[in-house]
> 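First the structure, which I've put down as structure tokens, then a few questions once you've had a look.
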Amino acid sequence: MNKYLDLSPEVAAALKEGKPVVALESTIISHGMPYPQNVETALLVEKTIREGGAVPATIAIIGGRLKAGLTPEQIEYLGKKGREVTKASRRDLPVLVARSEDGATTVTTTMIIAAIAGIKVFATGGIGGVHRGAEKTMDISADLEELARTPVMVICAGAKSILDLGLTLEYLETKGVPVIGYGTDELPAFYTRRSGFKVDYRIDTPEQLAEAFRAKLEMGLGGGMLVTNPIPEEYSMDPAVINAAIDAAIAEASEKGIHGKETTPFLLARIKDITGGDSLASNIQLVLNNAKLAARTAACLI
Ligand code: PSU
Ligand code: MN
């Protein structure tokens, strides 16, 4: 096993026995949601995955160790520290590990650590992408590059329109990342089921998701697969309300000169405040929905 990696006993046993395992990220806990809903949600997502017959592996860096499988105390610790924890992307791993520091893993680093551990399926809320205005700022999430190189299936609810969704799809096309709509032809926009952009392929069952990903792995194509799973209708938001909140948050970020890795956490927190918490309720439900699909898909991949 990799000398930097610690598997929890439950995750180690599941991987050894060939049981389905689903990776989960920790930046959604520290930077994606406020305390205490972040901790409650993380534990509920784990429970949902167990009920779906798989083992959850929440991933983080703690004391410089790459962890796959956290204790509830470790989840509480990351949730309480919140944005004080380092948001760790690929570039951050070497120094955090060398200094024995903590880091919350983004989609990028969760994919890296999942791949090291031998976990093929990862559920989250939303991925990073090409930010609006990226033609000037060059702000393109490292998540897209990771999807191009690391063989993990990422199940999300699409991308938020804090991003330029059209450019995000162009980037993924260039990098050879299949973008799948689960039960839909249209890219879901996180809080809403529709974005106006087409996905590459529509797939309707977990078995078929697993078959496509297995084919990708066995051909040795490298890189992951992005599965976009629309938020359940009953929890989706009014597009006018959420888009107004997103526009206001982006305007505020630009006024304040927010940039770099601060941008996404700033926008997520402002959108939650502007919508009076409605967006948080939707966010929680879509993550649970993705966890269910991930557990079923992981079972088909072993
Ligand atoms: N989008 C969300 N919720 C999140 C994130 C993105 O709706 O919590 C987090 C994820 O961890 C993602 C990261 O990998 O933000 C992307 O950050 P950046 O845009 O700085 O690459
Ligand atoms: Mn960025």
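These values consider heavy atoms only, across backbone and side chains, with no hydrogens, waters or symmetry-generated copies. Since this is a predicted model, take the numbers as computed values, not measurements. Order of listing sets the numbers, starting from 1, for every ligand and every atom in it.
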> For Lys87, which of Thr264, Asp92, Thr109 qualifies under side chain to side chain contact (heavy atoms under 4.5 Å, CB included)?
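Only one option passes, and that is Thr264.
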> Between Thr264 and ligand 1, which part of the residue brings a heavy atom under 4.0 Å of the ligand: side chain, backbone, both or neither?
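Side chain only; the backbone of Thr264 stays clear of ligand 1.
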> With atoms numbered from 1 as shown, which atoms in ligand 1 lie under 4.0 angstrom from a non-hydrogen atom of Lys87?
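Close to Lys87: 17 (O), 18 (P), 20 (O).
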> Is the number of heavy atoms from other residues, nucleotides or ligands under 6.0 Å of Arg193 CZ greater than 12?
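Atom CZ in Arg193 is packed in, count exceeds 12.
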> Backbone, side chain, both or neither: what part of Asp143 comes under 4.0 angstrom of ligand 1, heavy atoms only?
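The side chain, only.
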> Salt-bridge test for Lys256 and Glu262: reply yes if a basic N is under 4.0 Å from a carboxylate O, no otherwise.
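Salt bridge between Lys256 and Glu262, a charged N being under 4.0 Å from a carboxylate O: no.
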> Given Lys261, Lys160, Glu262, which has its nearest heavy atom closest to atom 2 (C) of ligand 1?
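Nearest option to atom 2 (C) of ligand 1, by heavy atoms: Lys160.
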> For Met33, state whether at least one heavy atom is located under 4.0 Å from any atom of ligand 1.
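It does not, in that no heavy atom of Met33 comes within the 4.0 Å cut-off of ligand 1.
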> Identify the residue among Thr106, Thr105, Thr124 that makes a side-chain hydrogen bond (donor to acceptor under 3.5 Å, both in side chains) with Glu25.
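Answer after filtering Thr106, Thr105, Thr124: Thr124.
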> Around Arg194, counting heavy atoms of other residues, nucleotides and ligands shown, do more than 12 lie under 6.0 Å from its CZ?
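No, not enclosed.
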> Does Thr105, backbone or side chain, put an N or O under 3.5 Å from an N or O of ligand 1?
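Between Thr105 and ligand 1 (N or O atoms, distance only) the closest approach is not under 3.5 Å.
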> Any chance NZ of Lys80 has more than 12 other-residue heavy atoms, nucleotides or ligands included, within less than 6.0 Å?
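Result for NZ/Lys80: open.
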> Counting heavy atoms not belonging to Lys261, are there more than 12 under 6.0 Å from its NZ?
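Counting neighbours around NZ of Lys261, more than 12 heavy atoms of other residues, nucleotides or ligands fall under 6.0 Å, so yes.
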> Compute the minimum heavy-atom distance from His31 to ligand 1 and say whether it is under 4.0 Å.
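So His31 does not count as touching ligand 1.
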> As an exercise, identify every atom of ligand 1 less than 4.0 angstrom from a heavy atom of His131.
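Going through ligand 1 atom by atom, the ones under 4.0 Å from His131 are 19 (O).
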> Take Thr150 and Glu146, measure what side-chain hydrogen bond (donor to acceptor under 3.5 Å, both in side chains) needs, and give me the verdict at the end.
CA-CA 6 Å; Thr150 301; Glu146 208 58 49; 2.5 Å; yes
> For ligand 1, which atoms sit closer than 4.0 Å to a heavy atom of Gly32?
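Ligand 1 atoms under the 4.0 Å threshold to Gly32: 8 (O).
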> What atoms of ligand 1 come closer than 4.0 angstrom to any heavy atom of Phe190?
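Contacts of ligand 1 toward Phe190, numbered from 1: 7 (O).
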> Counting heavy atoms only, which of Gly126, Ser89, Gly128, Ala88 comes nearest to atom 1 (N) of ligand 1?
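Looking at heavy atoms only, the winner is Gly126.
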> Just give me the atom name: the N, O or S atom of Asp139 closest to the Mn ion (ligand 2).
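Result for Asp139 and the Mn ion (ligand 2): OD1.
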> Going by atom types alone, do Asn289 and Tyr235 pair a side-chain donor with an acceptor below 3.5 Å?
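Side-chain D/A pair, Asn289 to Tyr235: absent.
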> What residue and heavy atom of the protein are closest to atom 11 (O) of ligand 1, and at what distance?
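In this structure, atom 11 (O) of ligand 1 has Glu25 OE1, 2.6 Å as its nearest protein heavy atom.
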> Name the residue from Leu172, Ile180, Leu187 that meets the side chain to side chain contact (heavy atoms under 4.5 Å, CB included) definition with Leu226.
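Testing Leu226 for a side chain to side chain contact (heavy atoms under 4.5 Å, CB included) against Leu172, Ile180, Leu187 leaves exactly one candidate, Leu172.
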> By number and element, which atoms of ligand 1 are closer than 4.0 Å to a non-hydrogen atom of Thr27?
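Matching atoms, with element in brackets: 11 (O).
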> Would you call Lys67 and Asp6 a salt bridge, taking side-chain N to carboxylate O under 4.0 Å as the test?
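Yes, Lys67 and Asp6 are salt-bridged.
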> Taking the minimum heavy-atom distance to atom 4 (C) of ligand 1, which of Ile28, Val287, Leu268 ranks first?
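Nearest heavy atom to atom 4 (C) of ligand 1 lies in Leu268.
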> Record the part of Asn283 in heavy-atom contact with ligand 1 below 4.0 Å; permitted values are side chain, backbone, both and neither.
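It is neither; nothing of Asn283 touches ligand 1.
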> Provide, to 0.1 Å, the distance between atom 21 (O) of ligand 1 and the closest protein heavy atom, together with that atom's residue and name.
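Here the nearest protein heavy atom works out to Ser141 OG, 2.6 Å.
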